[in-house]
Amino acid sequence: MTHDTQAAEAGHAPASAAWPIRLDGVSVTYPNGTTALRDVSLDIDAGEMVSIVGLSGSGKSTLIRTINGLVPVTSGTVTVGPHTVSGLHGRHLREVRGHVGMIFQGFNLATRVDVYRNTLVGRFARAGRLRTLLGVTSARDREVALTALDTVGMLDKVWSRAGALSGGQQQRVAIARALSQEPSIMLADEPVASLDPPTAHAVMSELERINVERHLTVLVNLHLMDLARQYTRRMIGLRDGELVYDGPAAEATEADFEQIYGRRIRPQDRLGDRT
């Protein structure tokens, strides 16, 4: 039985086939001279859920943004699925971005607009420019958006104004918006940094469940060691733009995290157990 068949029988809309990710000797130096990544090479299989761990300034946000071309590489290559992102521009780059869902720390919702229309935005990621400008939606667009909201438990808030929701609810809507793209890769840049511990665990559980149920490639930037251990199977550690750890998240020791952080473990490096 195929994954899409299993998804259909379980009541989930089949997602696009997951894509692998490959970085080969990637370095990024910004125009101000700051080097954010230094010769990073890694391979992520289709369907993996991977945490990228490091302190602020370690390069993890830069790394995740090279994958959808938001940050151009200075040297090396970035490949997602069949596409070499580091060599794409214009329309071709936009087409690839349509397959890459992105979740931000700050939610990036239109707070005065209802949850439904915020989620529909994801459907325009692959739409033609004219349809996007006119805001024309199809029956399938509406079905996919509503299914995405149901997936993250937000269907009952469909007509609520996004700005009236709690932080955790807004992040769930942001996840639904990304899911409505039917992406092949999901990127999450510090998605729980502004949330309280119980809500952070709930959002991480949603990402874990989506990874399992949809067999979706998920990369999530984190700085909290216990979240990486609990919710992801593989962990990549960055320090000063260099890859210093790549292995099973559950097996990462405190010494490994101290190597990633470049200092001793502090209480704020842990969120705390699920409640």
Side-chain angles (χ1 to χ4, degrees), residues 3-4 7-8 10-19 46-47 64-65 67-70 80-83 85 88 90-165 169-189 191 203 206-207 209-211 213-220:
H3 173 72
D4 282 356
H12 303 291
S16 299
W19 281 353
I64 216 168
R65 283 167 166 78
I67 293 168
N68 61 1
L70 286 175
V80 295
H83 306 281
V85 176
L88 296 180
R91 177 175 60 86
H92 298 294
L93 181 57
R94 288 193 297 272
E95 288 175 357
V96 172
R97 286 176 179 162
H99 292 268
V100 182
M102 187 80 178
I103 303 164
F104 300 91
Q105 175 183 341
F107 316 138
N108 283 17
L109 300 179
T111 56
R112 297 185 179 183
V113 174
D114 59 54
V115 164
Y116 174 63
R117 282 184 287 176
N118 268 284
T119 307
L120 271 176
V121 169
R123 295 302 299 162
F124 294 114
R126 297 198 210 175
R129 184 167 294 181
L130 181 60
R131 190 161 78 91
T132 301
L133 288 172
L134 295 176
V136 177
T137 59
S138 66
R140 172 156 173 75
D141 291 332
R142 296 187 285 274
E143 177 187 3
V144 171
L146 292 172
T147 298
L149 285 169
D150 190 35
T151 296
V152 299
M154 291 297 293
L155 195 56
D156 62 330
K157 300 290 186 180
V158 64
W159 301 119
S160 298
R161 185 172 58 85
L165 303 178
Q169 290 172 327
Q170 288 190 52
Q171 193 60 290
R172 280 192 166 94
V173 174
I175 294 171
R177 178 184 58 196
L179 283 176
S180 73
Q181 292 181 224
E182 298 181 296
S184 299
I185 295 169
M186 182 80 84
L187 306 177
D189 192 7
V203 168
E206 286 291 342
L207 291 174
R209 182 171 62 84
I210 288 164
N211 165 254
E213 292 180 353
R214 299 198 176 210
H215 192 64
L216 184 62
T217 308
V218 178
L219 269 68
V220 53

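None of these values were measured; they are calculated from a predicted model. One is the number of the first residue; the rest follow in order along the sequence.
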Task: pair M186-L179: side-chain heavy atoms closer than 4.5 Å - done: yes
Task: Flag side-chain contact, heavy atom, 4.5 Å: T151 against R214 - done: yes
Open item on the list: If we ignore hydrogens and angles and just use 3.5 Å, is the side chain of Q171 paired with the main-chain N or O of G106 as donor and acceptor?
Closed with: no
Open item on the list: Nearest 0.5 Å, please: how far is OG in S160 from CG in N118?
Closed with: 11.5 Å
Open item on the list: Please report the interatomic distance CG(N211) to CG(L219), rounded to the nearest 0.5 Å.
Closed with: 10.5 Å
Task: 4.5 Å side-chain heavy-atom contact, E95 and L88 - done: no
Open item on the list: Are I64 and M102 packed together at the side-chain level, in the sense that at least one heavy-atom pair is separated by less than 4.5 angstrom?
Closed with: yes
- [ ] State, yes or no, whether a side-chain contact exists between T119 and V158 at a heavy-atom distance under 4.5 Å.
- [x] no
TODO: State, with a plain yes or no, whether a side-chain heavy atom of I67 is found less than 4.5 Å away from one of V85.
DONE: no
TODO: Apply the test side chain to side chain donor-acceptor pair (under 3.5 Å) to residues S138 and D141: give CA-CA distance (whole Å), side-chain angles for both, the deciding distance (0.1 Å), then the verdict.
DONE: CA-CA 5 Å; S138 66; D141 291 332; 3.2 Å; yes
Open item on the list: Within the 4.5 Å heavy-atom criterion, are R140 and R123 side-chain neighbours or not?
Closed with: yes
Open item on the list: I'd like to know if the side chain of R172 and the backbone of G153 have a donor-acceptor N/O pair within less than 3.5 Å.
Closed with: no
TODO: Using modelled atom types only, decide if a donor and an acceptor are shared between the side chain of R117 and the backbone of A110 within a distance under 3.5 Å.
DONE: no
TODO: State, yes or no, whether a side-chain contact exists between K157 and V173 at a heavy-atom distance under 4.5 Å.
DONE: no
